[in-house]
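One structure below.
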Number of protein chains: 2
Amino acid sequence: MAERGTHQRPGRWRSGAESRQRILQAARELFGRHGYGGTTVRAIATAAGVDPAMVFYFFGTKQGLLGAAIEMSDNIPPAIESIFTGGLDTIGERIVRTLLENLEKSDRTPLVMLTRSAPTDAQSEALLREFIDREITERLAALLGTPDAALRAGMVNVQILGLAVARYIVRIEPIASSSVDELVARFGPLVQHCLTGRTEPP
Amino acid sequence: MAERGTHQRPGRWRSGAESRQRILQAARELFGRHGYGGTTVRAIATAAGVDPAMVFYFFGTKQGLLGAAIEMSDNIPPAIESIFTGGLDTIGERIVRTLLENLEKSDRTPLVMLTRSAPTDAQSEALLREFIDREITERLAALLGTPDAALRAGMVNVQILGLAVARYIVRIEPIASSSVDELVARFGPLVQHCLTGRTEPP
DNA sequence: GTCTATAATTAGATAGAC
DNA sequence: GTCTATCTAATTATAGAC
């Protein structure tokens, strides 16, 4: 963690790790707010209070920084874990609530960073696709076990991406300003139906 | 069209309007594929087979070109019109089918262009928000007339954005490679439920 | 209308002093 | 580790010849 105070003592271990952390923090903030293409290394350095050269010293390239920023936001995995803790019959509500509460906390979640970056950055697009495949589609499909499990999981992904984009990126009303509880009440059952609901006969 | 190069070499009249059209066509293609921030004026000019300076001659600025590219893709309004032609009890399927068939045709629809551009370009974000508010939310809400009409319309917007992003931008499987019919069968009833379905009692 | 040339700015990235 | 200085390349945009 980032204590050791604000001591600036070159003699002591003025561990560059602190600068590294500040850079990562600023990067997550700006990548989350303006996307990869809309964020400059210089802006990140300024926000972190360090020199632009340090960014390259620590992370090599801008893409390297993005990669580190995503992996360092490691409070997401536990959140995802909690989704799968509990009965299948209430998983819809847990998915929506977990998603919204996490996005609410900050824009620094990998999901927002990548969703903002994917449209103009091919590598971000690939990272987001892999993230969703690995963390959501596969786990949901395994949980269901039905023949159409993958498609049902895909429908959930549509809800997740749609909510993230509508509420946090494009900010469409009234989705953007509804309360989390209101959205959970609306989308929880919807997601539940995607996973365990009956498909109408053609 | 309404062109006659005054007294220019009629060896092969490249009436300015033709260049203008070629630029718009290339702009829609590239904005749709890489977003506003990911597309350069030079790339558009090259794709259109004209000089970069012509782009500015016709459209002033890059943003001006984006605006023109969006308004010129005017095969969308009729499609939206067709959604509202028909009964309210089958509108869900019409929304999904119209959306997918239009996106299927090409990446040049305003929805894809703006959805790709919004995350890194503030002005595109505003354009997309206004487009959705005006063309979808307002019209759907007016059609419903219920107290929670706006929220129901918002849920449909989540479906629309989620589908567009999952299928055409991030290309998540199996949503990306499912047939239009399959998706209509899955999401049609879902959208219908968003609009006219019963909300569960708490 | 079309193109050449270029201005003005900005980006990512590197070298090297301290 | 940190910063100054800079290189290189690409960008939007303009002026002006033909």
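Sequence lines set the chain letters: A, B, ... in the order given, protein chains first and strands last, and positions in each chain run from 1.
Sorted by first and then second residue, the salt bridge (Lys or Arg N to Asp or Glu O under 4.0 Å) pairs with a member in residues 76-87 of chain A read A:Glu81-A:Arg139; sequence neighbours excluded. Among residue pairs with one or both ends in residues 141-153 of chain A, those qualifying as salt bridge (Lys or Arg N to Asp or Glu O under 4.0 Å) are A:Asp148-A:Arg152, A:Asp148-B:Arg186; sequence neighbours excluded.
When rounded to the nearest whole Å, the span between CD1 of A:Ile44 and C1' of C:dA11 equals 13 Å. At whole-Å resolution of the value, CZ in A:Phe59 and P in D:dT2 are 12 Å apart. When rounded to the nearest whole Å, the span between CG of B:Leu30 and P of D:dT11 equals 13 Å. The nearest whole Å value for the distance from the CE atom in B:Met54 to the C1' atom in C:dT2 is 6 Å.
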Q: Verify side chain to side chain contact (heavy atoms under 4.5 Å, CB included) between A:Leu127 and A:Met113, making sure each step is shown before the conclusion.
A: CA-CA 11 Å; A:Leu127 283 173; A:Met113 277 193 288; over 6 Å; no
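Under the 4.0 Å criterion applied to side-chain N and carboxylate O atoms, B:Glu101 and B:Lys105 are not assigned as salt-bridge partners.
For the residue pair B:Thr137/B:Asn157, the side-chain donor-acceptor check at 3.5 Å is satisfied.
The side chain of B:Ser19 places no N or O atom within less than 4.0 Å of a non-bridging phosphate oxygen (OP1 or OP2) of C:dG1.
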Q: Scan nucleotides 12-18 of chain C nucleotide by nucleotide, 5' to 3', and note B when protein non-hydrogen atoms come under 4.0 Å of the base, S if they reach only the sugar-phosphate, - if neither.
A: BBB----
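Taking CG from A:Leu128 and CG from A:Leu111, the interatomic distance works out to 6.5 Å, rounded to the nearest 0.5 Å.
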